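See below for the structure under consideration.
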Amino acid sequence: MTDLPCFHAPDTDAHDPQFWMLRGVPLPNKETAERARRLLDGIAAAGLTVQDAPVTDRAAMHRIHTPRYLRFLETAWEEWQQAPGAGPEVVANLHPQKAHQTYPSGITGRAGWHMADTGCPLGRHTWAAALRGVDTALAAVAAVMQGAGAAYALCRPPGHHADADTAAGHCFLNNSAIAAEALRAAHDRVAVLDIDVHHGNGTQEIFYDRADVLTLSVHADPDAFYPFYLGHAHETGTGAGEGFNLNLPLPLGSGDAPWLDAIDRALERVRGHGAGALVLALGLDAHENDPFRGLTVTTPGFARAAARIRALGLPTVIVQEGGYLSEDLTHNLAAFLRGWQGRDWNGRG
Ligand code: ZN
């Protein structure tokens, strides 16, 4: 059996967001602590064990995110509580366009500045959990740097929609980007492959003008799907980063064959980049029964994807991104992890 260390920080369960809104209707948030329990079951079902992520040096986080954004995340909830009539979670109700606008000092204005949408409510424990999510990703980085072929980080909250200065879509600190930045200490070139059903817009933005970190994303076409404004094929990077971003959007409802073909195209590009290490931003929400219903990937599809990505032969940090509550969430992670180990998706092989 392949050595595949797995990490998690149980204290991230304290972040259990409530607010969410779709087409003007407030709904329960989907990024619940229950996700972690089901994903832990998936690790166990794949015959793997979980280690607690230690608190670690977060220098790479400070290179990825701006000081004022980190200060906002740390202090926003306390300030929000002091505002008259404030609800239990920080939820932005303003969406500034930023160009030519001035950074405000008040909490309502700063919430709008640093939160791209209403899908990232910030509660009492969000900052502490987000930091521990970073620790989890960095524990997997450390394992890989110490010689593990790959390591899996069960990060909550997820991170790939957060850019240097902005929270969005359940994400606050970009765990995958921070992992890539940390891997740069040992590798001149790294790649981040994002196979979440949603485009990895935050990760793309963070590395958009850099040639050392190749970003690639396979996702449902953003023309009518979150994150809507980024994730198109024509976005290829800028400046020194021109040619170092590859988006492979798929028509809504696409199943295993086009999804795996797109992953193959991305892997070919990773080989061409000469990457010394890979971060895999692993969303399981491309599954046919995920509540977001963007693509129709099957459970065995995740095992096939894992086998193909592992065949690259690169040291790989696997960072959990999306994947929401359905009967299949546990099975999908188990199938992926079994596929990574060269085993049959349903555990029989
Ligand atoms: Zn997603």
Side-chain angles (χ1 to χ4, degrees), residues 12 15 17 20-22 27-36 38-39 42 115-121 130 133 137 152-163 166-177 179 192-206 215-232 247-255 259 262-263 266 279-299 301-302 305 309 318-326 328-330 332-333 336:
T12 58
H15 169 67
W20 198 58
M21 184 184 279
L22 182 65
L27 296 168
N29 194 287
K30 289 182 162 61
E31 206 287 286
T32 58
E34 169 68 10
R35 292 182 60 238
R38 297 200 191 182
L39 293 167
M115 298 173 126
D117 52 48
T118 54
C120 47
Y152 168 75
L154 200 183
C155 294
R156 272 198 72 247
H160 71 149
H161 296 309
D163 69 21
T166 321
H170 307 141
C171 300
F172 301 89
L173 298 171
N174 194 316
N175 306 306
S176 292
V192 183
L193 170 58
D194 190 319
I195 61 170
D196 189 282
V197 75
H198 303 98
H199 173 241
N201 57 317
T203 314
Q204 172 175 308
E205 288 283 84
I206 285 166
T215 47
L216 315 97
S217 184
V218 175
H219 50 266
D221 188 341
D223 187 54
F225 198 70
Y226 191 88
F228 296 104
Y229 310 106
L230 285 172
H232 304 279
N247 285 330
L248 297 163
L250 296 170
L252 293 183
S254 296
W259 188 68
I263 289 172
V279 175
L280 178 66
L282 175 64
L284 297 166
D285 44 7
H287 188 257
E288 56 190 344
N289 291 335
D290 188 89
F292 281 108
R293 308 270 172 197
L295 298 175
T296 56
V297 173
T298 66
T299 300
F302 288 108
I309 297 164
I318 303 164
V319 175
Q320 185 67 49
E321 297 287 357
Y324 299 91
L325 296 189
S326 78
D328 300 293
L329 183 58
T330 296
N332 291 338
L333 181 60
F336 179 91

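Note that this is a predicted model, so its numbers are computed, not measured. The first residue in the sequence is number 1, and the count goes up from there. Every number for a ligand or one of its atoms is a count from 1 in the order of the listing.
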Quiz item: Is the Zn ion (ligand 1) less than 2.8 Å from at least one N/O/S atom of His161?
Solution: no
Quiz item: What is the name of the N/O/S atom in Asp285 that sits closest to the Zn ion (ligand 1)?
Solution: OD2
Exercise. Tell me which N, O or S atom of Asp196 sits nearest to the Zn ion (ligand 1).
Key: OD1
Quiz prompt | Shortest-distance N/O/S atom, His198 versus the Zn ion (ligand 1) | solution = ND1
Quiz item: Would His161 and Tyr226 count as a close aromatic pair, with their ring centres under 6.0 Å?
Solution: yes
Self-check item: Side-chain donor-acceptor contact under 3.5 Å, Gln320 with Tyr152
Solution: yes
Quiz item: Parallel, tilted or perpendicular: which fits the ring planes of His170 and Tyr324, with parallel below 30° and perpendicular above 60°?
Solution: tilted
Self-check item: Ring centres under 6.0 angstrom apart (His219, Phe225)
Solution: no
